K.L.:
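I have a structure here, written as structure tokens, and I will follow up with some questions on it.
Remember, it's 1-based here, ligands and their atoms both numbered in the order they're listed. The figures here come from the full heavy-atom set of this structure, side chains too, leaving out hydrogens, waters and symmetry mates. Everything quoted here is computed from the prediction, not taken from an experiment.
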Amino acid sequence: MALYNLGAEQSILGAILIEPELVSVGNQFNLSVYDFFHPQHQIIYKHMQKLYERNEKIDPVTLSSELTNHDELDKVGGVAYLTSLVTVVPSVSNISYYIRIVKDFSMKRSGHEMLATTSKNIKSMDQKSLITFSEDFKSMIMDNSNSEDLVVNASKVSISVQRGGILTGFAGLDALLGDGLNFGTLTVLTGSPGAGKSTFLNQIIANAISNGFNSFLYSGELTYEMCMDWFTRTVANPQHLLNYTSNMGKYAKVSDEGLEMITQWVDDKLFFYSKEAKADEANISHAIEYLATKKNVKLFVLDNLMTLDCSGNDKYEKQIIAVKSLKRLAKKYKIVIVLVAHSNKNSMMNKEPHVFEISGASEIPNLADYVLKASREGREPETELFVLKNRITGSIRYKTMLTFDTARKRFFTKTGNELKKDFGYMPSYEQESFD
Ligand SMILES: Nc1ncnc2c1ncn2[C@@H]1O[C@H](COP(=O)(O)OP(=O)(O)OP(=O)(O)O)[C@@H](O)[C@H]1O
């Protein structure tokens, strides 16, 4: 199958010979010499551009003189071929359509070449190089797209489709964030070790699933079993919680019946990042794209930045690449991404919390839409939660006090109903009898 269109190539060149100003249409579409398949067309277009850049006339006579000066007239088929080009153009005003055809074939030729090389080497390629290949392939298509594919007409954007976002379940905080963490945003949650970041996020995941939003958790620190243990304890209703007392104090365990119900409830709704997979930026991005498009996942929690294995030359460059990629994915798929990043050591001495206390590259808070901070320096068992940046509503310097209930593994507020909350994992006939 021929991956070119001779008529379209000739019509572009013929149209320019008739109306030289049309070179600008080629430039508008990023038409390059190599988009032409036939070598003589490449040469002709190259010299047309040179004449255009020098503000000189373009017609069969000036062009043949330019080609003669460069000893290339014979290579293109002489004056006769140049003159014939003028006669083959069906309509000069259709030049943009001819350009689209030529660029489309050019992109397909590049794609064909990339696929041919890859298929030759595929046996020795690992998963990472295949992912890199697929990304290069996609960039090649995007680079060859028409300029108009790079922009969107604002009137086509509907804001009524997906207003608001994922509710955290803490009413005051949700109102301040603007109906929860808005879709299409990146949140950075910072705080010192043990402040309760993972616990808080665990509760947000439970709330999201309860509200019908599938969720994903990458935990660089907890095993699958620990994640499930925390999660089931957080969502379990009182009749499924068995209380024990040991010399370590009181603790609770979810009954087998409770575990079974919760496990069924999260089927195809809650996903963990595979412990087998390398947690690098390419793999994580790939997992996010897969879950956003195939499993309708809306909330992605990445705990935490320091355990991600990112590409790049130095530590900060790696982090910026990863965070930029997360930001792009959040916007592209209108999902909510929450990234945990530790506080730097200096901030722990500093009384006033601020966005630049995030450990790592200073660009991270600039990229984030929300910056939250958890702190446990006050009275036990309280965790203070601060909003340090809020691109959506602008309200910051907000602080809410969350009290931790060890048995339920839940945070609650003074005025909220969080400890009584039923996340809704029990089949409805059972819920009716639940107090
Ligand atoms: N306010 C609190 N009072 C008492 N215990 C808490 C409180 N917050 C969290 N915990 C408990 O402390 C432990 C550590 O909390 P968690 O892992 O959520 O903190 P973290 O901020 O994510 O820490 P790291 O940064 O080290 O991962 C957990 O077992 C959690 O249940």
K.L.:
Can you tell me if Ala195 has a non-hydrogen atom under 4.0 Å from ligand 1?
P.N.:
yes
K.L.:
Is it the side chain, the backbone, both or neither of Glu382 that has a heavy atom closer than 4.0 Å to ligand 1?
P.N.:
backbone
K.L.:
Can you confirm if the NZ or CZ of Lys295 lies within 45° of the ring axis of Tyr290 and under 6.0 Å from the centre of its six-membered ring?
P.N.:
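Geometry flag: not set, cation outside 6.0 Å or 45°.
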K.L.:
Under 4.0 angstrom from ligand 1, any heavy atom of Phe411?
P.N.:
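Judged by the 4.0 Å heavy-atom criterion, Phe411 does count as contacting ligand 1.
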K.L.:
For ligand 1, is there an N or O atom under 3.5 Å from any N or O atom of Pro381?
P.N.:
yes
K.L.:
Hey, do the aromatic rings of Tyr425 and Phe231 have their centres closer than 6.0 Å?
P.N.:
no
K.L.:
For Phe423, is the NZ or CZ atom of Lys421 found under 6.0 angstrom from the centre of its six-membered ring and inside 45 degrees of the ring axis?
P.N.:
yes
K.L.:
Judging by distance only, is a nitrogen or oxygen of Lys409 under 3.5 angstrom from one on ligand 1?
P.N.:
yes
K.L.:
Do the side chains of Asp104 and Lys108 get close enough for a salt bridge, i.e. N-O under 4.0 angstrom?
P.N.:
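Salt bridge: yes.
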K.L.:
Looking at ligand 1, does Gly191 have a heavy atom less than 4.0 Å from it?
P.N.:
no
K.L.:
Below the 3.5 angstrom mark, is there an N/O of Phe404, backbone or side chain, next to an N/O of ligand 1?
P.N.:
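Checking ligand 1 against Phe404, no N or O pair falls under 3.5 Å apart.
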K.L.:
Ligand 1 and Thr199, any nitrogen or oxygen pair closer than 3.5 angstrom?
P.N.:
yes
